[in-house]
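The structure under discussion appears below in the form of structure tokens.
None of these values were measured; they are calculated from a predicted model. Chain identifiers are assigned alphabetically (A, B, ...) following the order of the sequence lines, protein sequences preceding nucleic acid strands; residue numbering begins at 1 within each chain.
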Amino acid sequence: MSTYALRRVLQTIPIVFIISILLFLMVRAAPGGPLTAARRNPNISKEQLEAIEERLGLNDPLMVQYGRWMGNMLRGEMGESIKFRRPVSEMIGERIPNTLILVGASFFVTLLFAVPIGILSARKPYSLFDYSMTTITFIGQAIPVYWLGLGLIVIFYVTLKNPFTGDPLFPVGGMNSRGQEGNLLDTLWHLVLPVSALSLGWIAWYSRFLRSSMLDVLHEDYVRTARAKGLGERLVYYRHALRNAILPLVTLIALDLPSLFAGALFVETIFSWPGMGRLFWDAAKGRDYPVLLGVVMITAVLIIVCNIIADLAYGWLDPQVKYE
Amino acid sequence: MKLKLFSLFVILGVILSACSGGGAESTSGGEGGDTAVLILPEEPTTLNFYLADAAIVRQVADSTSMTGLVTIDETGNFVPVLADGLPAISDDFLTVTWKLLPDLKWSDGEPLTSDDVRFTVEVLSNPDSGALVGTSGFDLISNVETPDDLTIVLTYSEPYPGYLDQFAYGLFPRHASGAPEEMPSWEWNRAPVSAGPFVVSSWESGKSITLTRNPNYYEAGKPYLDSIVFEIVPEPAAQTAMMLNGEGHVHLWPGEFKADYDEILNGKAQQYLIPGIWNMAIDFNLSAPFDGDPSEAAQHPILGDIRVRQAIAHAINYETLQQDVLQGSVGDSTNPFAYGWYKCELPRKHGFDVEAANQLLEEAGWVMGDDGIRVAEGALYAEDGTRLSLELQGYTAFDPLQLTEEFIVENLKAVGIEARIQNYDFSIIFGTFEDNSPRAVGDYDMLIFDRGFTTEPQGYNFDAYHSSRIPSAENTTGGNYFRWVNADVDAALELAGTSFDTETRKAAYCEVGQAVIDELPQIYLYLFQDNYGIADNLEGYVLNTWGSMSWGVQNWKFKAGE
Amino acid sequence: MNEALTTVREQSMTTLILRRFFKHRLAGIAVGVLAVLVLASLLAGLSPYNPTDQEPTNHFEEPNSVHWFGTDELGRDVFSRILYGGRVSLAVGLISTFLSIFLGVVVGALSGYFGGLLDATLMRITDAFLTFPTIFVLILLGAFLREQQLFILQNSIFVVIIIIAALSWMWPARLVRGLFLVLREKEFVAASRALGGSNTRLIVRHILPNCVGPILVSGTLQMASAIITESGLSYLGFGVQPPTPTWGSILSTAQSQIFRAPWLGFFPGFMIFITVMAINYIGDGLRDAFDPYVIHTEK
């Protein structure tokens, strides 16, 4: 097991380098550049644009630019944003806590609902509970996050008001009301709508998966053996079945965990939440290469690391799993 | 279950909003303590106007760093701001003498003197300053003298008509900025020490920029508001929702058309329109596409024939497009020179006339096919049997453009022309020759987009219409994407570029405009207007074509008793 | 002789599976619903209006007896647009999901079953695909496809289907690999192997049926996002261009009209919802049909 872990980590180093080259080329080969918008600005002359391109070093050979960027990355420097003229690390640093709060809270809410729903649905499949949960979670999955967010705004911000104060029931934008920065309850209040929009879809995924793998596991030999031994149904259910059913969920979590960093673009956009998703999207639209590459590289490393952790977790959760 | 979940939400909302201090504070009404909220769709990259690559910067900068010696008011005239009247100019137009108002102060309390004007000239005339806009004419200033703290004498190497405009966009404080060649990295750019009505007090990246009143503002008693907050709200529906709840007061570029907007926000806010500079047109490719040759050498098989272009112009129902499809949110436009001193009032020559369109197509050798689309039979350049099918390109994620495209497709279908919409990302449509942008390499039929230019139109128009500017491998930056060659137009553009007489120049531009109408390398459709949503309880708002959403912010206040 | 016997056995197997499938009553209804949806979009030509005919003076009409689902921003009949839109959306949803699941299952099964170098290689490729930012893959593809003169490579639904599948196979691949890692160690696999079962037989006949549940869930959930992703593709310059309607594109244009015409978004959203629900219950039915242990508790 530990040799496997070591090998995986060692394998990762060349992979990260290859991926960094691919990502760099991908971002740079896409048409357009940081000056595409400026090119449409009637106030800016073509000569000025060329001078800026030259100064930013955008005309150097790509491999030279890659070398320069990678060299800086290895020294822990992500460079300066072309648009904002601010250090990329600072820009990313500002957004990480916001994203962790939003995505972390959504993850928490998701598991809070999805695990019991999945287990109970599998316990009594085709019951009224099972059917109504299926329907509700599927509404969450079938409505695009975008529409869900807009719907929540129309209902809970525009239409419904707090009967005592006449204020909107939930706020629509940002993380805090003005003058309430640092007030935890205020942040929670701001979190309700975006977290609902984000987690409803996830709850559908997770609860359906758990239900399905629980159903599979319940017919396994060891579960029947446990039953035959006269173990209580509850014990069989939660000790033996659940532990095995959780395995596919580990893959899912590993695939979703990097979004704790990468953020959730749609929800951040609708609810004016200053997270990583929007930072990435704005940088992508404006081709702000240093910011873009910084975000993309960190996300890539996180995806790889999470997948390694998932693989190791497999071996830990099920000793039968071998990697040979 | 659903109902339970719902009531849970309501209770949660009531509890949390009660605990968190009542939510958004009341921002309107009452005396003092007033805050106006301005809604922006995206975050400005800087508050230094001279480094701005997009219009969004000015929306915020106008309230703080863009207070200069003069400004352009809503009537289009220069009025003094920090200057004590407009400057005196010598008879040979080479010496301009500015006087400052007495006792001016920067927002940090330091005196604002003639030396700061000198510094501003030093920065903007420095070729290494990194400035993107607003530098024109500064290289012509050969000498700056400051005989006293209030007087600045500028000597020009040649007469410069824009001597007022130069000083309309803000001054730099020598003591609180930095070296001219390091301007792009000045800390000043995000927290400018200025002479404007407001000063940045906090900037939360991706969220909001808060500005509080400048205690040292030169007009006594102003600004009336205590603070203004620019909220960055990327989702249009959320912006409108904020206006609905009175949590926003000025709404930049609302997504809804005026009629709809006023209905939705009835009694709370209204939308106002002012003439803009973005002029929508369909460009034609007059040369053959996809022949590996970006030049004008080979004619476009369909569009090379002027009668087809005329028929297309006749097929479009301009009035319905402007009034019904775009609900009157745009003005009419027939040629590139639709505003400014060079505006040419030229009538539309090929107006909406389906019969004329059909007749022209018949004459041009395009006969109606079985499927309602014409085919070539004796056409000028197209082989017999060619379908009258053209690609209509545009850029994505811009609703008015897509509506226009869809409407025109139906218009053209009615006269037997098939138009296939193909929209690309902004970066492809406006990309470079090296990027293989379709218009640059000449691989397109029709392209629809909006273009605009400023008080000095020569650069843009020479590039767009002069025959020497047809893009090719040797001339990759050329902007004559039509591949249009017209000797008279070339001559008129050359004249406009060398003459100093405004009337001569305007006549030359109008000649170009008329040639565009006659030969139809492009068809002008309409002129966009800038739109703002403004809360009904905000008083003193003045719309200004030459300003921005926060121009004149020092005069705003909330109506009493609301 | 032997062949005939197999056929008989297969036949009875099919009947058994079918019988089991329809025992799940909702699965039966779901098949009916899906059939109606497919039929409706195939017969969209019978709709009262042409989906691209405009009447700009008559825009945003609320649903009424003339325009059942109202009219959109250009005064087009939304009911007709929904029917026509189903053609693209159902095709994209069903086929791209099938392709993505198929590719994912192949990669995941090979990787999980054989392990070792094959596993390492396939999974590192999967990782790489997961790290590529979708938007750049799409912009690059858009730029590349623009220069291709083959019509099949431009604007066709075929391209959309391939792209959506290419962007989403990694999830089922990772999932199936995880399941295989566990299942290949189980007693019944060891038993079959001892009896001389070939690898193919082990994978297809023994392990795969045990993964059907999670795979189907993954498929149903992926379908909704495929239908929505399609409209996102046209925003990036390829895929189905306006004025051809799709559920996703009607939904995304309706977004800016949420206050003016909220019903515009309701209809396409509802269509996607019932499609996904139908697929889900069909999935449930299939699961029961293939799962020999299920004892149906439904009365």
Side-chain angles (χ1 to χ4, degrees), chain A residues 30-33 35-46 48 52 55 83-85 91 94-95 132 136 149-150 153-154 156-158 160 162-165 167-175 177-180 183 185-186 188-189 192 196 269-272 274-275 278-279 282 285 287, chain B residues 1-2 9-10 12-14 16-25 35 42-43 45-46 53-55 130 132-134 184-185 189 204-208 210 229 231-235 237-238 241-242 244-245 247 277 425-428 430-432 435-437 451-454 459-460 463 477:
Chain A
L35 301 177
T36 305
R39 217 170 262 130
R40 282 201 83 203
N41 187 329
N43 293 307
I44 306 175
S45 71
K46 286 188 176 171
Q48 274 168 314
I52 292 165
R55 210 181 52 202
K83 302 261 169 186
F84 285 86
R85 296 288 177 173
M91 290 174 74
E94 281 168 353
R95 305 285 182 119
S132 43
I136 292 178
L150 291 179
I153 287 178
V154 170
F156 293 102
Y157 176 74
V158 175
L160 293 177
N162 183 329
F164 303 110
T165 60
D167 285 329
L169 209 49
F170 290 101
V172 65
M175 303 174 54
S177 311
R178 258 188 304 292
Q180 298 287 327
N183 178 339
L185 277 170
D186 185 66
L188 269 180
W189 187 47
V192 174
S196 306
T269 303
I270 299 169
F271 294 98
S272 314
R278 269 170 65 202
L279 183 70
D282 290 342
K285 268 195 311 186
R287 303 282 194 280
Chain B
M1 179 62 209
K2 262 190 234 168
F9 256 84
V10 173
L12 189 67
V14 173
L16 279 174
S17 73
C19 294
S20 67
E25 353 169 340
T35 298
E42 57 187 291
E43 185 173 10
T45 52
T46 173
D53 68 342
L132 279 169
V133 292
S185 25
N189 299 336
E204 287 179 75
S205 171
K207 191 177 166 245
S208 66
T210 305
V229 180
E231 293 270 4
I232 296 141
V233 183
E235 165 57 38
M242 282 178 74
L244 255 173
N245 273 356
E247 290 186 357
I277 63 160
D425 187 60
F426 197 88
S427 62
I428 293 180
F430 300 111
T432 58
D435 284 342
N436 252 325
S437 168
R451 76 285 329 275
F453 34 83
T454 49
Y460 181 91
D463 192 44
T477 60

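- Within the 4.5 angstrom heavy-atom criterion, atoms from both the backbone and the side chain of B:I232 approach chain A.
- If you measure heavy-atom distances from A:L150 to chain B, the contacts under 4.5 Å come from the side chain alone.
- Heavy atoms of B:N189 lying under 4.5 Å from chain A are absent altogether.
- Here B:F430 pairs with B:Y395, B:F426, B:F449 under the ring pair (Phe, Tyr, Trp, His ring centres under 6.0 Å) rule; sequence neighbours left out.
- When each of B:S185, B:G452, B:G431 is scored by its heavy-atom pairs under 4.5 Å with chain A, the top score falls to B:G452.
- Looking only at heavy-atom pairs under 4.5 Å with chain A, the residue among B:L244, B:I277, B:V229 that has the most is B:V229.
- The choice from A:I270, A:L188, A:I153 that makes the most heavy-atom pairs within less than 4.5 Å of chain B is A:I270.
- With a 4.5 Å cut-off on non-hydrogen atoms, B:T46 does not touch chain A at all.
- Both the backbone and the side chain of B:F453 come within less than 4.5 Å of a heavy atom of chain A.
- If you measure heavy-atom distances from A:V158 to chain B, the contacts under 4.5 Å come from both the backbone and the side chain.
- Among all heavy-atom pairs drawn from B:M242 and A:Y157, the shortest one is CA-OH, 3.4 Å.
- In terms of heavy-atom pairs under 4.5 angstrom with chain A, the leader among B:G206, B:S208, B:A237 is B:G206.
- Only the backbone of B:A54 comes within less than 4.5 Å of a heavy atom of chain A; no side-chain atom from C-beta onward does.
- With a threshold of 4.5 angstrom between heavy atoms, B:E204 approaches chain A through side-chain atoms but not through N, CA, C or O.
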